[in-house]
Amino acid sequence: MSSEQALTTRAADFSAWYNEVVMRAELADYSPVRGCMVIRPRGYRIWELMQRALDDMFKAAGHENAYFPLFIPQSFLAKEAAHVAGFAPQTAVVTHGGGKELEEPLVVRPTSETIIYAMFAKWIQSYRDLPVLLNQWVNIVRWEMRTRLFLRTTEFLWQEGHTAHATAEEAETEARLILGIYRRFAEEWMAMPVITGIKTDSEKFAGAVRTYAIEALMQDNRALQAGTSHHLGQNFARAFEVRYQTMAGDMEYVWSTSWGVSTRLIGGLVMTHSDDRGLVCPPRLAPLHVVIVPIWKSDTDRQGVLEAAQRALQALADAGISAQVDDRDAVKPGAKYYHWEARGVPVRLEIGPRDVAQGQAVLARRAGGKSTVPLTGLPAAVREAMDQIQAALLEAARERREANSVRQVRGKRELIDLMNGSAGLVYAGYCGDAACETAVKEETKATIRVLPDEEFRSSPAPATCVWCGRPAVTEAVWAKAY
RNA sequence: CGGGGCGUGGCGCAGGCCGGUAGCGCGCCUGGUUUGGGACCAGGAGGUCGCCGGUUCAAAUCCGGCCGCCCCGACCA
């Protein structure tokens, strides 16, 4: 009967479900190296689509791609105090090369601020050289204690943008601009709604003045930090002597930013949309848009059906829609449905003898719903279905997030109960004292994910700190996080 | 690093207490019949039972040590 067994359900064991979805969809596999993963073609295709969309947006905003080395002299990392404190415990260090011990150990980049600022110092002399708007798509290494496919691996892929500006205002604008790009990408491409805001000091990037982030809520009601954008002030400029001469002739340190999203987004994509049958992938990031399943009873049927399937395939290909005919013999249609559902193909076209006779196909949507569409004009029908699916996924995710968000939480007791229960995002007043944040974490494991931007804040604004009861200076979004 | 689970054909597992040289389901290969939600028949390939050592005539099984993986926690995108 069954060819592939059912997945562990989300309700039974979310972690096991997640691993099985990733493996079954052939997005990734465990590698021989502890904590590292192999990204398989299907997973890498999603990353390529993400890269293309983001890269276009970065470039449209004036950024250029470059490449800085994987190896960073160990002394560079130590130049910025907070930065070294934050990253030193997580670095992999190369001590030997060419069979000899190196004079100075080389750190495998955990992020590239230090080596980039060393170069900025050479390249920037005048205000005329600013701004510098760079980005690079690279791998980085952070020695993690505990890893999970896509969400946290020792080596991962990301983009890191690094910019230098003449004023604090420009750097601030840049950091916010990128946050907006991340948000737009998450919502329009990943169909993953996010909350934007600023991080508290405890969650801030090591070396930043301010860290902005997009946060999404996963199906197990844990929050995922999906992207960060940092205003670095003059911290790195001072550490690396990156100065420029102003119009007035004075020497000033540059103001800078850095920002990144990683292959972690793929994990977020999986945990936002997928179901107990496997991967659900928004059409705009789907490795394969359409699978065509021919169905036949006799050899005569078979020939006509396969011909119709091939014509459909060609029509879709001509329209720029990626499609594939699953003409495997000896596998029944039902088995093929499960097969492609597990792999997250958004649209399935079933073409049988009855359909051929009537000049139509059955269009089935991965997230549910079947209809018949005429074979003429198929690309348009598929396009429309994919647009609807893309929109419906975002809407469903937004509804789920809101249904699992709680606002106007007033007291300590209520916060504890919510966090020990099944709450997702909890909005509450915050006095700004790190002691309250720490206390909540110790009591509930929840942390402040973000101090939300205006559009996400509650009305009326909470008046008191949910923990200590003193006047609130801001509202905070609390959640258990990945 | 602490707690829990687990290492047996590609995948999922049984066998282990009561040692006798490995079995089941799925997948894979060949042929045939099949195909509108996980097909069936017949034949076949594939495993030094994680590694090292010990006990024994004989070890997947008993004993000792080691390694690895997954999950939960402490660190983090």
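By convention in this document, chain letters (A, B, ...) are assigned in the order of the sequence lines, proteins followed by strands, and residues within each chain are numbered from 1. Worth knowing before you read on, the calculation uses all heavy atoms, side chains too, and leaves out hydrogens, waters and symmetry mates.
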Quiz item: Are A:Y337 and the base of B:G37 stacked, counting only ring centres nearer than 5.5 Å and planes tilted under 30°?
Solution: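 Stack criterion not met.
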Exercise. Inspect the surroundings of CH2 in A:W143 and state if more than 12 heavy atoms from other residues, nucleotides or ligands are less than 6.0 Å away.
Key: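 No, because the 6.0 Å sphere around CH2 of A:W143 holds 12 heavy atoms or fewer from other groups.
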Quiz item: Quick check: are there more than 12 heavy atoms from other residues, nucleotides or ligands sitting under 6.0 Å from CD of A:E64?
Solution: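 Counting other residues, nucleotides and ligands, CD of A:E64 stays at 12 neighbours or fewer.
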Of the nucleotides [options], which has the atom closest to the [X] side chain?
| X | options | result |
| --- | --- | --- |
| A:E341 | B:C75, B:G37, B:C70 | B:G37 |
| A:A335 | B:G36, B:U35, B:G38 | B:G38 |
| A:P353 | B:G36, B:A77, B:C70 | B:G36 |
| A:S15 | B:C71, B:G36, B:A77 | B:C71 |

Quiz item: Is there a donor on the side chain of A:R348 or the base of B:G37 sitting less than 3.5 Å from an acceptor on the other?
Solution: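 Check passes, donor-acceptor contact within cut-off.
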Exercise. Would you state whether a donor and an acceptor, one from the side chain of A:E20 and one from the base of B:G12, lie under 3.5 Å apart?
Key: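 Answer no: no donor N or O sits under 3.5 Å from an acceptor.
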Quiz prompt | Minimum heavy-atom distance between A:A342 and A:R24, given as atom pair plus value | solution =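 For A:A342 and A:R24, the tightest heavy-atom pair comes out as CB-CG, 3.7 Å.
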Self-check item: Shortest non-hydrogen contact from A:Q219 toward A:F14
Solution: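 Closest approach of A:Q219 to A:F14: CB-CE1, 3.8 Å.
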Using a 4.0 Å heavy-atom cut-off, does [X] contact any base of the nucleic acid, only the sugar-phosphate backbone, or nothing at all?
| X | result |
| --- | --- |
| A:A330 | base |
| A:V362 | base |
| A:Q90 | sugar-phosphate |
| A:L151 | base |

Same-atom distance ([atom1]) from [N] to [M], integer angstrom:
| N | M | atom1 | result |
| --- | --- | --- | --- |
| B:G10 | B:G47 | C1' | 12 Å |
| B:G7 | B:A60 | C1' | 12 Å |
| B:C18 | B:G27 | P | 38 Å |
| B:A14 | B:G3 | C1' | 28 Å |
| B:G43 | B:U56 | P | 45 Å |
| B:C24 | B:G44 | P | 13 Å |
| B:C49 | B:G32 | P | 39 Å |
| B:C62 | B:G46 | P | 29 Å |

Give a yes/no answer on whether the side chain of [X] brings an N or O atom under 4.0 Å of OP1 or OP2 in [N].
| X | N | answer |
| --- | --- | --- |
| A:K370 | B:G37 | no |
| A:N19 | B:C71 | yes |
| A:K332 | B:G36 | yes |
| A:R34 | B:C69 | yes |

Self-check item: RNA chain B: 5'-proximal contact among A:V331 and A:T153 (nearest heavy atom)
Solution: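 Residue closer to the 5' terminus by nearest nucleotide: A:V331.
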Quiz item: Closer to the 5' end of RNA chain B via nearest nucleotide, is it A:G35 or A:R264?
Solution: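 The 5'-side residue here is A:G35.
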Practice problem: Measure the acute angle between the ring planes of A:F240 and A:Y117, then classify it against the limits of 30° and 60° as parallel, tilted or perpendicular. | Solution: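 Tilted, since the angle between the ring planes falls between 30° and 60°.
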Any strand is fair game: report the nucleotide pairing with [N] by Watson-Crick or G-U wobble, both distances under 3.5 Å, or none.
| N | answer |
| --- | --- |
| B:G64 | B:C52 |
| B:G2 | B:C72 |
| B:A42 | B:U30 |
| B:G23 | B:C13 |

Self-check item: Among A:R348, A:R366, A:K336, the one residue meeting salt bridge (charged side-chain N to carboxylate O under 4.0 Å, His left out) with A:E341
Solution: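 The salt bridge (charged side-chain N to carboxylate O under 4.0 Å, His left out) with A:E341 is passed solely by A:R348 among A:R348, A:R366, A:K336.
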Quiz item: Should the pair A:E350-A:K370 be classified as a salt bridge under the 4.0 Å nitrogen-to-oxygen rule?
Solution: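 Answer for the salt bridge query: yes.
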